[in-house]
**Student:** 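This is the structure I have questions about; it appears just below.
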Amino acid sequence: MAHTSSTRKRIRQDRKRQVRNQATKTNVKTLTKKFRATDAESAPAALKEITRALDKAATKGVIRQQTASRRIGRLTKAANRKAAEAAAS
């Protein structure tokens, strides 16, 4: 148990941040699943939405910038693959 008022305050702040960060991470995961389930037509809109969420999470410090960039790159590659498959068929 925390003894000083500053450590009690630090624990309260950490709990608030943990809840906020968890909500952001959950939102990113949900949007990623939604993107993977889309077809070639709606993929660009879904990609724009997930890109915005990842950039915002990186800006807020929830995830690292390099992690966001890597995920955006992989999702963009997947969107391009969907578009190519749709054009081929």
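These numbers come from a predicted model, not from an experiment. Along the sequence shown, the residues carry numbers beginning at 1.
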**Student:** Just to verify, what does R36 make a salt bridge (charged side-chain N to carboxylate O under 4.0 Å, His left out) with, not counting sequence neighbours?
**Tutor:**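 Here no residue qualifies.
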
**Student:** Where do T24 and K60 land on the side-chain contact (heavy atoms from CB on, under 4.5 Å) test, with the steps shown first?
**Tutor:** CA-CA 10 Å; T24 304; K60 298 289 184 183; over 6 Å; no

**Student:** Answer whether the closest heavy-atom distance between the side chains of R70 and T67 falls below 4.5 Å.
**Tutor:**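 Yes; the side chains approach each other to less than 4.5 Å.
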
**Student:** Identify the residue among R17, K16, R12 that makes a side-chain contact (heavy atoms from CB on, under 4.5 Å) with D14.
**Tutor:**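 Passing option: R17.
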
**Student:** Counting C-beta onward and ignoring hydrogens, is there a side-chain heavy-atom pair between I50 and K34 closer than 4.5 Å?
**Tutor:**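 Sidechains of K34 and I50: no contact.
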
**Student:** Specify the closest pair of heavy atoms between T7 and A2, including all atoms of both residues, with the distance to one decimal.
**Tutor:**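 Reported closest heavy-atom pair: OG1-CB, 3.2 Å.
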
**Student:** For residues A68 and L54, report the shortest heavy-atom separation together with the two atoms involved.
**Tutor:**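 Distance-wise, the nearest heavy atoms are CB-O, 3.8 Å.
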
**Student:** To the nearest 0.5 Å, how far apart are OG1 in T76 and CZ in R81?
**Tutor:**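 The OG1 atom of T76 sits 11.0 Å away from the CZ atom of R81.
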
**Student:** I'd like to know if R52 pairs up with D55 as an ion pair, taking the criterion as any Lys NZ or Arg NE/NH1/NH2 lying under 4.0 Å from an Asp or Glu carboxylate oxygen.
**Tutor:**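 Salt bridge between R52 and D55, a charged N being under 4.0 Å from a carboxylate O: no.
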
**Student:** Side-chain contact, heavy-atom cut-off 4.5 Å: T4 with K9?
**Tutor:**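 Sidechains of K9 and T4: no contact.
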
**Student:** At their closest point, which heavy atom of A86 faces which heavy atom of A40, and how far apart are they?
**Tutor:**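 Nearest pair, atom of A86 first, then A40: CB-CB, 3.5 Å.
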
**Student:** Can you confirm if the NZ or CZ of K82 lies within 45° of the ring axis of F35 and under 6.0 Å from the centre of its six-membered ring?
**Tutor:**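 Yes, cation above the ring, under 6.0 Å and within 45°.
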
**Student:** For the residue pair L47 and I72, establish whether any side-chain heavy-atom pair is separated by less than 4.5 Å.
**Tutor:**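 When only atoms from C-beta onward are counted, I72 and L47 do not touch, as no gap falls below 4.5 Å.
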
**Student:** Would you please name every residue forming a salt bridge (charged side-chain N to carboxylate O under 4.0 Å, His left out) with D39, sequence neighbours left out?
**Tutor:**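 Per chain and number, D39 pairs via salt bridge (charged side-chain N to carboxylate O under 4.0 Å, His left out) with no residue.
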
**Student:** Kindly compute the distance separating CZ (R10) from OG (S5), expressed to the nearest 0.5 Å.
**Tutor:**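 If we round to the nearest 0.5 Å, R10:CZ and S5:OG are 12.0 Å apart.
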
**Student:** Under 3.5 Å, is there a donor on one side chain and an acceptor on the other for Q18 and R15?
**Tutor:**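 Checked: Q18/R15 side chains show no N/O donor-acceptor pair below 3.5 Å.
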
**Student:** Is a donor on one side and an acceptor on the other found under 3.5 Å between the side chain of R8 and the backbone of H3?
**Tutor:**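 Checked: pair present.
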
**Student:** Under 3.5 Å, side chain of T26 to main-chain N/O of Q22, donor-acceptor pair present?
**Tutor:**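 Yes, the answer is positive, given that a donor and an acceptor are paired below the 3.5 Å cut-off.
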
